[in-house]
Participant: 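Here it is, the structure, as structure tokens.
Below, read A as the first sequence line, B as the second, and so on, with proteins coming before strands; counting in each chain starts at 1. Just so you know, these numbers come straight off a predicted model, no measurement behind them.
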Amino acid sequence: MTSSDPARNISGAFDAIVIGGGHNGMTAATVLAKGGRKVLLLEAAERTGGAMRGYEFHSGYRAAALAHIVNRLDPEVAELLGLETRTTEALPTIALSLDGKHAVLRGAYGETIDGVSTAEAKAFAAMRKKLIFQAGILKRFLKRRPPEIGNVRMNDLGAFAGAGLSLLTRGREEGRDFLRMLLMNVADVADEYLSDDRLKGLVAFDATLGIHLGPRSPTSLLGLYYRLTGEANGRTGMQYVPKGGMGALAPAFEKVARSAGVTTRTGESVTRILADRGAANGVVLASGEQLSAPVIVSAAHPKATFLALCDTADLDTGFVRAVGNIRSKGNVAKLDLALDRLPSFTGVSTDDLRGRLVIARSITHVEDAFNPAKYGEFSPDPVMEITIPSLADPTLAPSKGATLSALVEFAPYDLKCGWDNGKPAFEKIILDKLEHYAPGLSQNIVASNLMTPADMEMHYNLPGGHWHHGELQADQLLVNRPVNAAAGYATPLSGLYLASAGSHPGGGISGLPGLLAAKRILSETRP
Amino acid sequence: MMPDLATRLAQQKHITTPRLETPFHPRIAALSETNDWYTWAGYKAPHSVFDEELEYFAIRSMAALFDISPMVKYRIAGPDAERYLNRLTVRNVAKLAAGRVHYTAWCDDHGHVLDDGTLFQLSADTFRLCCQERHLPWLLDSAIGFDVGIEEETTEIAGVALQGPTSFAVLSKAGFEGIERLKPFQLADFAHDGGTVTISRTGFTGDLGYELFVPAAQALSLWDRLWTAGRLHGIRAIGYAALNRARIEAGFIVSNADFMTAETTLRADRARMPDEIGLDWLVDMEKVNFNGRKAILEARRNQTLKHVLVGLEIEGNIPADGAIVYHRRKQEAGLVTAAIWSPLAKRNIAIASLARPYGTRLTEDFWVEIYAMRELQYQKMMKRARIVPRPFIKLDRRAANPPGLF
């Protein structure tokens with residue numbers, strides 16, 4: 001156990017206890033502390049950071065974090081952290097092609113594109129403009145507490161009115177188009193605008209990454225909208241790696257939490273959230289120690305929060321039933337490679353290696369990769385995005401060495417043959433695929449490490465190994481995230497609040513669930 | 001975590017059989033003169049056996065046998081059984097002693113009543129829950145996080161109610177030794193046919209009476225034992241029509257007759273909270289958390305309760321079943337859900353559901369509009385109704401200890 005504050009043992013001296021030191025837990029803790037609350041943050045692992053926590057996967061080689069790129073960190077959270085994003089450069093996305101003639105999206109989500117025809121570049125620009133405009137409407141609802149059905153507040157009406165107005169000012173055509181496209185599949189939209197398979201494959205991949213949908217599944221466009229609600233430095237769709245690499249994020253969060261006065265205890269796993277007749281009032285640690293506080297904030301997965309940490313006796317049956325039915329089975333695996341030299345991808349400049357490389361040859365490629373996942377099998381021809389984290393943070397690998405990180409889909413959590421059996425075969429498939437795009441790569445591999453959703457569940461205490469803490473699909477969004485009765489960060493247990501990616505608006509390193517949860521708590525009368 | 005669907009379906013075989021016969025059916029069918037049957041929870045059950053009127057008087061002046069086998073029965077057992085039931089139901093199960101029975105109700109998250117029923121504590125960690133509707137999926141989902149087993153035993157356990165002034169005499173004569181020690185809402189096991197029969201001093205008539213539960217295989221021998229013993233005590237088999245009269249007199253409500261159970265309602269405003277159907281006295285806010293607690297508490301605090309259940313005494317002698325209740329003859333105030341001319345109270349009585357503030361703040365000047373069909377013509381009557389306390393009758397013999405040997 002470590003601690004940053006000697007006053008920790010004064011039980012009951014805290015206004016709020018935050019469970020889980022991931023980015024959302026730390027954001028919530030920081031905002032609460034800045035709001036004048038005395039906050040205790042409990043983290044089960046030896047270090048805070050959650051999915052931003054790095055790990056050594058081979059002697060001398062580290063992965064910076066589970067996430068390998070930032071594309072949606074909320075500006076308010078970034079400012080809270082004092083992260084220097086103004087000078088951050090937008091990293092390119094390279095839609096890889098087997099013939100080495102890639103399409104390269106530059107700027108914020110392809111403000112310009114290299115390697116495609118002028119006509120195609122124009123078509124992409126039109127689609128980009130349309131989608132960013134529509135995502136902008138949805139974005140109005142992302143940075144606020146979801147409206148409560150049956151108890152809509154004045155400022156909810158304001159948000160509805162704002163969204164309506166922004167549509168109206170663009171004319172009827174835009175309004176019609178928004179309603180037409182909102183629940184469409186990404187494949188049809190891509191087909192409508194584009195003709196280049198590389199670009200179509202890329203948007204199909206981005207729309208479905210981390211979501212159990214194929215590009216032709218209804219509503220799959222929502223995933224792309226979600227991606228395009230992210231921004232950095234005022235530029236929608238921009239992606240970057242912070243100075244010092246992804247590994248710099250966790251310390252930044254820790255630092256700001258500490259300076260805000262948050263007391264942090266790591267290596268302390270919470271085993272029970274205590275409640276009495278409908279009101280949460282404390283936690284029990286694995287050591288048996290009991291801590292009480294009038295406000296408990298759980299940044300753990302909603303299923304873990306209610307089905308493992310709470311006594312179900314403190315909750316109503318219908319609520320437990322709803323939580324039990326949250327769909328939260330991940331289907332993305334992460335491959336880390338330890339390399340003895342910087343890899344070389346055919347047709348990709350060394351400078352572009354700092355960006356994101358995507359293997360998704362066409363919509364059909366992504367769809368075909370998804371199909372086996374429906375039946376509990378991994379893709380024989382998976383799609384993936386690749387980064388070289390050691391370029392941003394040379395300390396991740398020995399000198400001259402490099403690391404490669406790939407997020408690979410589809411790798412269903414419930415693999416029919418079991419991941420113990422399936423893992424070596426899937427890993428071989430991925431390595432073979434990589435070899436096509438980076439010939440000779442296999443000779444540079446010092447070690448490799450494949451983390452399946454089952455592994456993520458174990459290492460990151462992430463039920464189902466789902467980084468969004470629950471499928472990011474239409475029925476689990478907004479007023480139904482994670483479930484209707486707990487959609488506004490408050491829960492049926494008074495005093496217990498949710499602040500994980502399982503709450504609105506969802507996953508990715510945004511800090512928004514934590515920020516909005518803390519704002520809700522601060523807006524309420526202090527108990 | 002979430003129980004398996006196939007297992008659940010296998011546990012609900014009744015779905016595949018359209019109309020079952022109860023273990024007592026051969027005896028009741030042999031006695032049936034009216035051949036008047038209805039369907040009760042998937043079972044063929046007698047509406048009347050020989051004469052509705054005389055069957056009612058068997059309850060009130062002799063002994064009546066009423067087959068309650070179709071009543072849905074769940075066995076709830078395990079180390080967490082009490083804790084489980086305390087979370088499931090609104091009443092405090094910690095206060096229920098072993099060998100006792102209590103009437104209770106259970107709600108969904110919104111505080112809407114899913115059903116009411118009786119809870120039998122068979123031993124420290126074994127209970128039997130009896131009710132009108134089937135609830136296995138709800139009961140199983142409620143068991144998530146509890147060390148408790150739930151099994152439906154509706155077909156395995158036959159039940160029969162023996163009600164009426166001579167019911168104690170019949171049981172004594174039948175040789176159930178120690179039956180005189182059973183106080184109201186108490187239960188005990190007695191030897192029968194090489195096994196045991198569980199007898200509780202409970203019933204749905206407001207009269208002296210007992211309910212007997214026995215494995216289905218021993219049902220007929222139990223019936224015969226009672227029938228033989230009861231010959232000189234005027235024992236009669238009765239149907240639901242007679243029982244219904246007795247229960248209205250006793251002021252008891254029936255689910256899906258006097259209120260709609262939350263899971264069967266199609267319309268959002270039809271579900272009812274306990275306070276809206278006269279069950280507020282069951283709800284224990286001081287005990288541990290239970291399903292619907294928060295919703296009921298908020299409804300009470302915010303005064304958003306919309307209905308109230310009342311007893312009515314109506315002038316005249318025409319039963320007002322289904323009649324609309326008016327305030328000051330004009331303003332619609334509610335609906336009569338059950339009504340009879342009470343032979344015992346010699347009054348025209350009814351149970352009605354009123355929309356608050358009628359029945360709460362406004363308690364005077366009510367009228368019911370009765371449409372009596374007389375040879376293809378409605379005779380329309382506006383009758384004065386007075387709110388009166390339930391039960392409409394109170395019989396000393398019901399709770400007498402030891403019970404009277406009539």
Participant: Looking at B/Ser142, B/Gly145, B/Ala295, which makes the most heavy-atom pairs under 4.5 Å with chain A?
Facilitator: B/Ser142

Participant: Run the salt-bridge test on A/Asp156 and A/Arg144 with the 4.0 Å N-O cut-off and return the result as yes or no.
Facilitator: yes

Participant: Heavy-atom distance under 4.5 Å between the side chains of A/His212 and A/Arg327, does that happen here?
Facilitator: no

Participant: Count the heavy-atom pairs under 4.5 Å between each of A/Asp314, A/Thr312, A/Asp276 and chain B, then report the option with the highest count.
Facilitator: A/Thr312

Participant: Identify which part of A/Asp311 has an atom lying under 4.5 Å from any heavy atom of chain B, answering side chain, backbone, both or neither.
Facilitator: side chain

Participant: Is the closest side-chain donor-acceptor distance between B/Glu263 and B/Thr261 under 3.5 Å?
Facilitator: no

Participant: Walk me through it: do B/Arg356 and B/Glu276 pass the test salt bridge (Lys or Arg N to Asp or Glu O under 4.0 Å)?
Facilitator: CA-CA 9 Å; B/Arg356 298 179 187 222; B/Glu276 295 177 316; 5.7 Å; no

Participant: Shorter than 4.5 Å, heavy atoms on both sides: which option in B/Lys294, B/Arg87, B/Lys287 has the most such pairs with chain A?
Facilitator: B/Arg87

Participant: Both conditions, 6.0 Å and 45 degrees, for the charged tip of B/Arg128 above the ring of B/Phe213: are they met here?
Facilitator: yes

Participant: With a 4.5 angstrom heavy-atom cut-off, which part of B/Tyr84 approaches chain A: side chain, backbone, both or neither?
Facilitator: neither

Participant: Between chain B and each of A/Ala308, A/Ala313, A/Cys310, A/Gly278, count heavy-atom pairs under 4.5 Å; write down the option with the most.
Facilitator: A/Ala313

